[in-house]
Amino acid sequence: MQAIGKKIMLVALLVASFVLLWQWKAPEQSTVSLAKTSVEAANELSAAWQEGQDTLLFHSQDIYEKQVYHLLQAGHPYLSTLTAATYQNGSLELTYEVLKREEQEKGLQAAREAGAQAAAEEKTITGKLKAIHDALIRSCVYTEEDSDRVQMAAGAVEDGKAVCAGYARAFSAMCDGAGLDVYYIEDDDMTHAWNAVRLYGETYFIDCTYDDPVPDQGQRVGDEYFMLTTEEFRQSHTWDEALYEAYLDSRYPADFAYIQRMQDLNLADTGLRAADTERAAEQAELDVLNAVLGTTVAKSVVYTQEDGTEMYMTCGELYRLGYEALWDEVDGRHRIEDLIDDYVVPPFPARKMGF
């Protein structure tokens, strides 16, 4: 009996060891993500975190911890960490954590309010970006201090001092408060951070830190690093261009460029964001656009495909059709010309768009 008891105990130990080893090799499947790339992984982990889940398991071999970390930083203006656990089967488990969250939330809210106030009188997207850029630089001083707070939006907005990460996080949050989609970019080799925005489908970069004179010169603001193209920006900065372009592609739907153009022409609600591009347009929006343009870009936001499927026009499609209608020839002139003459459309942004 003793020998049998020892055998049973040995089997039990082996089973327990196998279970522990299996857990080590293959963690809980409830957290598994089907993401295939670092961009998809970052977007999925970001969405999960907003729903209260901070950990996901990934099986793709094309997902890299450092890339996911940088992209989470891009989309969330928080000082945060990303913890990784790897398993023998090749799985990668990532856990996203925001540091000192209550303190950061307070600073981010202050930044959003400051951004809304700074951009309140501006009519164009570029004008709002510049107003926020200038307001941040005038109220913040670059510091060599080594602390978490100077890397947060709170340091830049509430304390008036920050390092580059604090400037860039504050700028993202201030733009968010003004209804603008702006992202945080960083590079390990430069140990530096700045911001990126897509306008009319092209990527532009803004480096508030480089535009703030050191030593501080009070209200003086530089603009050498405001709204530079990729080609212009790479003369002074290095970053993972392909990674961030792919990420921005995922955040800015193609038709959002038309919404932005129509916003700058005073023909679309300035409160529309990139996330609104794919939502179903409302009939009232279409009716207003038709009335202002003096034409019919469409009769209804509901249309039927060839196979009989009923579809709803998206917000992006609506404003793409509206923008295209502005180019229509009416009595030898583009349709937009009468709108410019009647001050329905502001002349300056219209001319910049080539009208």
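Numbering of residues begins at 1 and proceeds along the displayed sequence.
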* Asked: Can you find a side-chain donor-acceptor pair between Thr229 and Glu202 that sits under 3.5 Å?
  -> no

* Asked: Does a donor on one side chain sit under 3.5 Å from an acceptor on the other, for Thr83 and Thr95?
  -> no

* Got a second to check how far Met152's CE is from Leu99's CG, nearest 0.5 Å? -> 6.5 Å

* Report yes or no: do Glu224 and Tyr210 form a side-chain donor-acceptor pair below 3.5 Å? => no

* Go through the steps to decide whether Ser147 and Val150 satisfy the test side-chain contact (heavy atoms from CB on, under 4.5 Å), and finish with yes or no. => CA-CA 6 Å; Ser147 71; Val150 297; 3.6 Å; yes

* Asked: Any side-chain donor paired with an acceptor under 3.5 Å for Gln117 and Glu113?
  -> no

* Ring centres of Tyr225 and Trp194 under 6.0 Å apart? -> no

* Kindly write out the residues that satisfy side-chain hydrogen bond (donor to acceptor under 3.5 Å, both in side chains) with Asn290, not counting sequence neighbours, or none if the list is empty. => none

* **Side-chain ion pair, Glu285 and Arg279, N-O less than 4.0 Å** => yes

* May I ask you to decide if Tyr64's main-chain N or O and Ser38's side chain share a donor-acceptor pair within less than 3.5 Å? => yes

* Asked: For the side chain of Glu282 and the backbone of Ala284, is there at least one donor-acceptor N/O pair under 3.5 Å apart?
  -> no

* Results of side-chain hydrogen bond (donor to acceptor under 3.5 Å, both in side chains) for His334 - residues two or more places apart only -> none

* Asked: Judged by modelled atom types alone, do Tyr258 and Glu317 share a side-chain donor-acceptor pair under 3.5 Å?
  -> no

* Name all pairs fulfilling the side-chain hydrogen bond (donor to acceptor under 3.5 Å, both in side chains) condition that reach into residues 342-355, sequence neighbours left out, sorted by first residue then second. => Glu337-Arg351

* Asked: Which class fits the ring pair His237 and His192: parallel under 30°, tilted 30 to 60°, perpendicular over 60°?
  -> tilted

* Are Val345 and Val330 connected in the hydrophobic side-chain network, where two residues link if heavy atoms are under 4.5 Å apart? -> no

* **Main-chain N/O of Thr191 paired with Glu186 side-chain donor or acceptor, under 3.5 Å** => no

* Which one of Leu108, Leu180, Val182, Ile132 satisfies the side-chain contact (heavy atoms from CB on, under 4.5 Å) criterion with Met174? -> Ile132

* **Arg320 to Tyr323 six-membered ring, cation-pi geometry met (6.0 Å, 45°)** => no

* **Lys/Arg N to Asp/Glu carboxylate O, Glu329 vs Arg335, below 4.0 Å** => no

* **Heavy atoms from other residues, nucleotides or ligands near CZ of Phe348 exceed 12 (cutoff 6.0 Å)** => no

* To do: State whether the side chain of Ser172 and the backbone N or O of Arg169 hold a donor-acceptor pair below 3.5 Å, judged by distance alone.
  => no

* Asked: Does any donor atom in the side chain of His70 or Asp188 lie under 3.5 Å from an acceptor atom in the other side chain?
  -> yes

* Asked: Checking Gln260 side chain against Tyr200 main chain: does a donor-acceptor pair fall under 3.5 Å?
  -> yes

* **Heavy atoms from other residues, nucleotides or ligands near CD of Glu144 exceed 12 (cutoff 6.0 Å)** => no

* To do: Using a strict 4.0 Å threshold on nitrogen-to-oxygen distance, state whether Lys36 and Asp62 make a salt bridge.
  => no

* Asked: Side-chain heavy atoms under 4.5 angstrom apart, residues restricted to Ile, Leu, Val, Met, Phe, Trp, Tyr: same cluster for Ile340 and Leu293?
  -> yes

* With distance as the sole criterion, is a donor-acceptor pair present between the side chains of Asp287 and Gln283 under 3.5 Å? -> yes

* Quick one: do the Asp328 and Thr295 side chains pair a donor with an acceptor below 3.5 Å? -> no

* To do: Assess the side chains of Thr124 and Asp264: does a donor N or O sit below 3.5 Å from an acceptor N or O?
  => no

* Asked: Cluster question for you: counting only ILVMFWY and a side-chain heavy-atom cut-off of under 4.5 Å, with indirect links fine, are Val197 and Ile185 together?
  -> yes

* **Asp276 side chain near Ile259 side chain, heavy-atom distance below 4.5 Å** => no

* Check ion pair Lys106-Glu158 (N to O, under 4.0 angstrom) -> yes

* **Evaluation steps, side-chain hydrogen bond (donor to acceptor under 3.5 Å, both in side chains), between Tyr167 and Asn195** => CA-CA 9 Å; Tyr167 276 86; Asn195 299 94; over 6 Å; no

* Please test Asp223 against Asp134 for side-chain contact (heavy atoms from CB on, under 4.5 Å), starting from the C-alpha separation and ending with a verdict. => CA-CA 9 Å; Asp223 62 4; Asp134 292 359; over 6 Å; no

* Structure fact -> Asp338 meets the side-chain hydrogen bond (donor to acceptor under 3.5 Å, both in side chains) criterion, sequence neighbours left out, with Arg333

* **Ser33 side chain to Glu44 side chain, donor-acceptor N/O pair below 3.5 angstrom** => yes

* Does a salt bridge link Arg198 with Asp249, judged by any charged N lying under 4.0 Å from a carboxylate O? -> yes

* To do: Evaluate the criterion side-chain contact (heavy atoms from CB on, under 4.5 Å) for residue pair Leu92 and His59; output intermediate values, then yes/no.
  => CA-CA 6 Å; Leu92 176 66; His59 289 310; over 6 Å; no

* Can you sort out the partners of Tyr183 under ring-ring contact (aromatic ring centres under 6.0 Å, His included), two or more places apart, ordered by chain and number? => Tyr247, Tyr252

* Asked: Heavy atoms, side chains only, cut-off 4.5 Å: are Lys100 and Leu79 in contact?
  -> no

* Partner set under salt bridge (Lys or Arg N to Asp or Glu O under 4.0 Å) for Arg112, not counting sequence neighbours -> Asp176

* Asked: If only atom types and distance count, is the side chain of Ser139 paired as donor or acceptor with the main-chain N or O of Ala135 below 3.5 Å?
  -> yes

* Could you state whether Tyr78 and Leu94 fall into the same hydrophobic cluster, counting links through intermediate Ile, Leu, Val, Met, Phe, Trp or Tyr residues with side-chain heavy atoms under 4.5 angstrom apart? => yes

* Check: Asp159 side chain, Lys161 main-chain N or O, donor-acceptor pair, under 3.5 Å -> no

* What about Ile206 and Met190, same hydrophobic cluster or not, with Ile/Leu/Val/Met/Phe/Trp/Tyr joined at side-chain heavy-atom distances under 4.5 Å? -> yes

* Arg261 and Leu267: CA distance, side-chain angles, deciding distance, side-chain contact (heavy atoms from CB on, under 4.5 Å) verdict -> CA-CA 9 Å; Arg261 290 186 179 101; Leu267 295 173; over 6 Å; no

